[in-house]
Amino acid sequence: MICWGVRRSRRLVCGEEVRDPKVIEETLGLISGFLRRVEKHKDVLLSDVNTPFDGLIKALSGWLSKVVMVIEGDKVIAESRHVEHEAGKAMMKLLSQARERWLSTYKPELEKLIGKLQSGEVTIIITGDSFDKNKSFTVHLYMEHIAIEVERVAKSRSIIMNITLTGLKGVSVIASKLLSGNRLRAMQYGLLLTDGSIHDEGYPEMATNQVWQAITFSLIFPGKVYMNVEGVSLNDDYVSITWRLRAVNYKGKFESKAKIAEEINKLNNKEFMDFLLLAILCDGLADIEMKRIMLLIGNLKHDLLSDIVERLMSYGFRESDGGYRKIYTVWKSKAVAVAKSMLSNLKVRALIEDLSQLPDAGKLRRLLTLSNMEIKPKGNSSIEVIEGLKMNIHVKSNGYIELRIKRKGYDNARSIWERLRKADYNAKLRQRGDRFFEVYITQIWFIDHPELIIKICRVLRNMYEEAIGKSNAKRASVIAQAMTRLGCKDPAQTHGPK
């Protein structure tokens with residue numbers, strides 16, 4: 001039987017029976033997908049010897065052997081590694097207990113459930129909207145000790161499959177305070193505004209499939225952290241373990257995510273980098289090949305973080321539309337500079353280096369690699385056009401120049417536009433993204449300002465030399481063409497107009 005779920009306890013119960021054939025078809029499609037995924041991972045899900053926990057037990061054991069508990073030098077780093085080691089040992093204990101329980105209880109129940117699904121003897125409970133793809137739709141299956149959710153994610157084609165395990169006890173990890181109060185609080189903000197949450201009872205908590213993230217939670221919420229194995233996630237290519245963590249000593253310390261967003265505006269530059277580190281590690285990515293860092297912000301959260309977004313833009317991040325989310329990207333030398341800044345604290349860097357050795361910490365390894373890249377000294381690509389107003393020099397592929405400046409909000413951009421017009425620059429105004437506007441001056445409208453061309457030629461020469469130094473012949477050729485059009489001297493000679 002298929003029925004709509006009604007919440008009466010921690011588990012749903014059957015309400016109205018489903019008779020709509022389209023809803024039934026959508027439900028059975030999710031069930032079929034679940035059975036296919038179980039079959040794909042049967043070597044660890046249905047084996048009498050192997051379990052979903054074995055790979056992580058081996059990986060975590062190997063990592064623990066590398067963690068140096070006692071080092072000469074910084075006592076805080078030594079204490080940090082001690083906490084990492086204790087958290088890792090606690091996770092090993094939980095994994096071993098879950099492994100035993102899987103073989104004795106959970107696997108037999110999963111096998112029994114599969115048999116009932118195939119024979120049509122099981123009650124299937126559904127929630128959500130089966131027709132609207134912009135809303136989630138979930139199938140719920142229950143046995144005595146396992147609860148399965150197969151969810152079609154809202155506004156996405158992805159399907160999430162989780163097996164929640166009941167009856168597993170957790171442990172508490174005790175961590176001392178390793179960083180200063182403000183910097184520690186900034187990192188807590190970064191986690192809570194992304195993958196973390198605030199429980200109804202006021203505790204900061206997080207559910208995660210990543211070991212590095214679970215250990216990080218224990219370190220940035222000093223005191224008692226309660227952790228337990230919550231379940232198993234069935235991904236398309238692999239099976240992962242879900243952890244749940246709760247910061248016991250922080251009950252009532254964080255009012256809401258909206259309040260946290262307000263507090264972030266008060267952070268100084270170093271503290272903001274601590275916040276950004278955790279935000280990017282949780283909801284972003286580091287790309288070595290493209291030399292870029294990205295932060296993804298869902299549309300529902302975007303308005304909440306509007307002031308934070310403005311601060312991101314000041315570090316060189318640029319906005320693009322990702323459908324149901326906004327994507328903020330910083331490129332090349334600016335991305336390397338951001339990575340270096342986020343990891344400039346030696347204690348924080350030591351933590352990230354330790355955790356990067358875990359098999360699921362690829363994002364941490366990429367960020368470290370990016371931070372180790374050398375930045376070739378680069379001349380400033382902006383010039384002062386009128387007193388107190390700098391604009392960026394943009395060399396177009398056809399060898400022509402545009403001067404540009406971007407501002408959040410139409411009124412801010414228009415005020416700049418008006419100042420330039422009063423100074424006899426025929427500036428234009430255009431929209432960039434949902435909330436940003438760009439003021440620009442094309443080459444034809446500043447060609448009669450010789451004092452400005454002198455400044456532009458000096459910057460172009462630096463840009464040309466940088467392109468030559470990087471063996472970027474195409475870029476150098478375009479810049480040389482721009483210099484010729486402006487009447488700058490030959491790049492090989494002294495800069496300035498003829």
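In what follows, every heavy atom counts, from backbone to side chain, and hydrogens, waters and symmetry copies are set aside.
Looking at K455, its side chain never comes within 3.5 Å of a backbone N or O of V385 through a donor-acceptor pair. Of the possible donor and acceptor atoms, one in the side chain of R152 sits under 3.5 Å from a partner among the backbone N and O of D129. Using a distance-only test at 3.5 Å, with no hydrogens or angles considered, no donor-acceptor pair links the side chain of H199 to the main chain of K251. K270 contributes no side-chain N or O that, together with a main-chain N or O of R183, makes up a donor-acceptor pair within less than 3.5 Å. Looking at E149, its side chain never comes within 3.5 Å of a backbone N or O of N162 through a donor-acceptor pair. Formation of a donor-acceptor pair under 3.5 Å by the S341 side chain with backbone atoms of A337 is not found in this model. A distance-only check finds no donor-acceptor pair linking the side chain of R407 to the backbone of N412 [under 3.5 Å]. A donor-acceptor pair is defined here as one N or O able to donate and one able to accept, closer than 3.5 Å; such a pair exists between the side chain of K340 and the backbone of S371. Counting only distance, with no hydrogens or angles, the side chain of R365 and the backbone of Q357 share no donor-acceptor pair below 3.5 Å. Under the 3.5 Å distance criterion, the side-chain polar atoms of N299 are matched with a main-chain donor or acceptor of G323.
With sequence neighbours excluded, no residue forms a side chain to side chain donor-acceptor pair (under 3.5 Å) with S356. By the side chain to side chain donor-acceptor pair (under 3.5 Å) test, E263 pairs with K266, sequence neighbours left out. Contacts of N268 classified as side chain to side chain donor-acceptor pair (under 3.5 Å), with partners at least two apart in sequence or in another chain: E271. Applying the salt bridge (charged side-chain N to carboxylate O under 4.0 Å, His left out) rule to R430 yields the partners E402, E438; only residues at least two apart in sequence or on another chain are considered. In this view, Y425 and H449 satisfy the ring-ring contact (aromatic ring centres under 6.0 Å, His included) rule, not counting sequence neighbours. By the side chain to side chain donor-acceptor pair (under 3.5 Å) test, S156 pairs with S158, sequence neighbours left out. With sequence neighbours left out, D411 forms a salt bridge (charged side-chain N to carboxylate O under 4.0 Å, His left out) with no residue at all.
The nearest pair of heavy atoms linking P52 to I241 is O-CD1, 3.7 Å. Here the shortest heavy-atom pairing between N209 and S240 reads ND2-OG, 3.5 Å. Nearest heavy atom pair, residue M391 against residue V439, reads CE-O, 3.6 Å. Contact between I148 and F34 at its shortest, heavy atoms only, is CD1-CZ, 3.6 Å. Closest heavy-atom contact between A258 and L304: CA-CD1, 3.3 Å. Among all heavy-atom pairs drawn from D274 and A186, the shortest one is CB-CB, 4.0 Å.
For K66 and D354, the salt-bridge test fails: no basic side-chain N is under 4.0 Å from an acidic carboxylate O. A salt bridge links R349 to E353: one of the charged nitrogens lies within less than 4.0 Å of a carboxylate oxygen. Salt bridge present: E262 and K259 bring a charged side-chain N and a carboxylate O closer than 4.0 Å. Salt-bridge annotation for E418 and K422: absent, with no side-chain N of the basic residue lying under 4.0 Å from a carboxylate O of the acidic one.
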Expected list for residues 219-232: side-chain donor-acceptor pairs under 3.5 angstrom, two or more places apart:
{"unit_1": "Y226", "atom_1": "OH", "unit_2": "G170", "atom_2": "N", "d": "2.9"}
{"unit_1": "E230", "atom_1": "OE2", "unit_2": "R244", "atom_2": "NE", "d": "2.5"}
{"unit_1": "E230", "atom_1": "OE2", "unit_2": "R244", "atom_2": "NH2", "d": "3.3"}

Validation: residues 275-297 side-chain donor-acceptor distances under 3.5 Å, sequence neighbours left out:
{"unit_1": "D287", "atom_1": "OD1", "unit_2": "E289", "atom_2": "N", "d": "3.1"}
{"unit_1": "D287", "atom_1": "OD1", "unit_2": "M290", "atom_2": "N", "d": "3.0"}
{"unit_1": "D287", "atom_1": "OD2", "unit_2": "R292", "atom_2": "NE", "d": "3.2"}
{"unit_1": "D287", "atom_1": "OD2", "unit_2": "R292", "atom_2": "NH2", "d": "3.3"}

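Within the structure, every pair that satisfies the ring pair (Phe, Tyr, Trp, His ring centres under 6.0 Å) test and touches residues 280-315, not counting sequence neighbours, is listed here: F272-Y315, H302-Y328. Applying the ring pair (Phe, Tyr, Trp, His ring centres under 6.0 Å) test to residues at least two apart or on different chains, the pairs with a partner in residues 384-417 are Y410-F437. The list of ring pair (Phe, Tyr, Trp, His ring centres under 6.0 Å) pairs with a residue in residues 228-248, not counting sequence neighbours, is empty.
Surrounding CZ of R10 are at most 12 heavy atoms belonging to other residues, nucleotides or ligands under 6.0 Å away. Atom CG of D424 is surrounded by 12 or fewer heavy atoms from other residues, nucleotides or ligands within 6.0 Å. Within 6.0 Å of the CH2 atom in W4, the count of heavy atoms belonging to other residues, nucleotides or ligands exceeds 12. For NZ of K135, the number of neighbouring non-hydrogen atoms (other residues, nucleotides, ligands) closer than 6.0 Å is 12 at most. More than 12 non-hydrogen atoms from other residues, nucleotides or ligands lie less than 6.0 angstrom from CD of E384.
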Next item on the list: Using the salt bridge (charged side-chain N to carboxylate O under 4.0 Å, His left out) rule, take E465 and R461 through it: C-alpha gap first, then chi angles, then the decisive distance, then the call.
Entry: CA-CA 6 Å; E465 290 175 349; R461 177 176 174 77; 3.1 Å; yes

Next item on the list: Give the C-alpha distance, both sets of side-chain angles, the deciding distance and a yes or no for salt bridge (charged side-chain N to carboxylate O under 4.0 Å, His left out) between K40 and D236.
Entry: CA-CA 8 Å; K40 186 174 184 177; D236 190 34; 3.3 Å; yes

Next item on the list: Begin with the C-alpha distance, continue with both residues' side-chain angles, and end with the deciding distance and a verdict on salt bridge (charged side-chain N to carboxylate O under 4.0 Å, His left out) for E319 and K408.
Entry: CA-CA 11 Å; E319 178 185 301; K408 178 183 176 183; over 6 Å; no

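Contact annotation: the side chain of L370 never approaches that of V338 to less than 4.5 Å [non-hydrogen atoms, C-beta and beyond].
A distance of 9.0 Å separates CG of D237 from CZ of R37, quoted to the nearest 0.5 Å. Between atom CZ of residue R366 and atom CG of residue L364 there is a gap of 9.0 Å, rounded to the nearest 0.5 Å. We find the CG-CG distance between L358 and L60 to be 7.0 Å, quoted to the nearest 0.5 Å.
A donor-acceptor pair shorter than 3.5 Å can be found between the side chains of Q213 and T208. S306 and E310 share no donor-acceptor pair across their side chains, judged by distance under 3.5 Å alone.
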